[in-house]
Amino acid sequence: GTWTIVTDGVSTATTSTISSLVNGTSVLFRVAAVNSVGSGAASDAVSATPQATVTFDANSGSGSMADQSSAGSTALTSNSFTRQAYSFAGWNTAADGSGTAYADGASYAFAASATLYAQWDPVVCVPDTTTVGGETVLTFTSTTGCVWTAPAGVTGYDYVVVGGGGSGGKGQQWNTAGAGGHGGQVVQGRLSVVPGQSYEVIAGSRGVGFSQPGTASVFDAVTASGGN
């Protein structure tokens, strides 16, 4: 390396930036004070190993993950991001998945700093399908959310959000319990859909309803609660 020259002859700096170092390759440093009188004795050699840093991006998911730094190949930090109605499908150097892919916990070279973007696969809805009065009824019960694709030729659905019944109260004897409350219809209406378009469906406990991915749910203000 080379010494850093201080033009005014005076400096209190305790750090210096040295370029062209290679991640994972140790470098020895010796430091000496230099002033107008002369040079002091050099310090003992100190070893330093440059590290690369990986930043994890949730890519439409939620949660937080700390950056990970290493001087050489090591396993990536396990994913802790989540995304409603989607399952984690690994990492990629490009947000759209067009770059280099890495599995969760895969070995990473840490040859250079980079950002890894979470990749997500939709959890496909499998609703119960019944026929009532010649009409098809789809019943969605997923409490963690799923993605449903509108069938060809279908442009609208009548919907009904039904609240679950309350739990039964304790009976007169310690080992008995009363019957649960009846389910209650909360809201109903009609929803326009586009054939072939995917929609997120979240039902069950505090479900937020039905929405196109990335948009506000039409049931954001509705909390399904027990009936009488």
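Positions are given from 1 along the sequence.
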**Complete:** Residues Ala103 and Leu76: closest non-hydrogen pair is O-CD1, 4.4 Å
**Asked** Taking it one step at a time, do Asp121 and Tyr86 satisfy side chain to side chain contact (heavy atoms under 4.5 Å, CB included)?
**Response** CA-CA 5 Å; Asp121 285 337; Tyr86 289 80; 5.8 Å; no
**Asked** To the nearest 0.5 Å, what is the distance between OH (Tyr117) and OG (Ser60)?
**Response** 12.0 Å
**Asked** Within the side chain of Tyr199, is there an N or O that forms a donor-acceptor pair under 3.5 Å with the backbone of Val194?
**Response** yes
**Request:** Report the C-alpha separation of Val54 and Thr115 in whole Å, then their side-chain angles, then the decisive distance to 0.1 Å, and conclude whether the side chain to side chain contact (heavy atoms under 4.5 Å, CB included) test is met.
**Result:** CA-CA 6 Å; Val54 166; Thr115 297; over 6 Å; no
**Closest non-hydrogen atom pair, Ala85 against Glu200** = CB-CG, 4.3 Å
**Request:** Would you check if Arg83 and Ser62 make a side-chain contact, meaning some heavy-atom pair closer than 4.5 Å?
**Result:** no
**Asked** Of the non-hydrogen atoms in Thr74 and Gln68, which two are nearest, and what is the gap between them?
**Response** CG2-NE2, 3.9 Å
**Asked** Does the side chain of Thr149 pick up a donor-acceptor pair with the side chain of Ser198 at under 3.5 Å?
**Response** yes
**Message:** Please find the pair of heavy atoms, one from Ala94 and one from Gly99, that lie closest to each other, and give the distance.
**Reply:** CB-N, 3.5 Å
**Prompt:** Given the rule in the side chain to side chain contact (heavy atoms under 4.5 Å, CB included) test, do Leu116 and Thr93 qualify, once you have shown the distances and angles that lead to the verdict?
**Reply:** CA-CA 5 Å; Leu116 294 182; Thr93 53; 3.8 Å; yes
**Fill in**
For Gly156 and Val193 the tightest heavy-atom approach is N-CG2, 3.6 Å
**Request:** Not counting sequence neighbours, which residues clear ring pair (Phe, Tyr, Trp, His ring centres under 6.0 Å) with Phe56? List them please.
**Result:** Trp91
**Request:** For the pair Asn59 (side chain) and Ala118 (backbone), establish whether a donor and an acceptor sit closer than 3.5 Å, ignoring hydrogens and angles.
**Result:** yes
**Request:** Find out if a path of hydrophobic residues (ILVMFWY) with successive side-chain heavy-atom gaps under 4.5 Å connects Met65 to Phe88.
**Result:** yes
**Spacing of Arg190 atom CZ and Thr155 atom OG1 [to the nearest 0.5 Å]** = 6.5 Å
**Complete:** Closest non-hydrogen contact found for Asp96 with Gln119 is C-OE1, 4.1 Å
**Request:** With the side chain counted from C-beta on, respond yes when Cys146 and Val124 share a heavy-atom pair under 4.5 Å apart, and no when they do not.
**Result:** no
**Prompt:** Would you say the side-chain atoms of Ser69 and Thr53 include a donor-acceptor pair closer than 3.5 Å?
**Reply:** yes
**Prompt:** Hey, any chance Leu138 and Val201 share a hydrophobic cluster, counting ILVMFWY side chains that come within less than 4.5 Å of each other, even indirectly?
**Reply:** yes
**Prompt:** Roughly how far apart are Cys125 SG and Trp148 CH2, rounded to 0.5 Å?
**Reply:** 9.0 Å
**Item:** CA sep, side-chain torsions, deciding dist, call: Asp57, Phe81, side chain to side chain contact (heavy atoms under 4.5 Å, CB included)
**Value:** CA-CA 9 Å; Asp57 189 299; Phe81 293 134; 5.9 Å; no
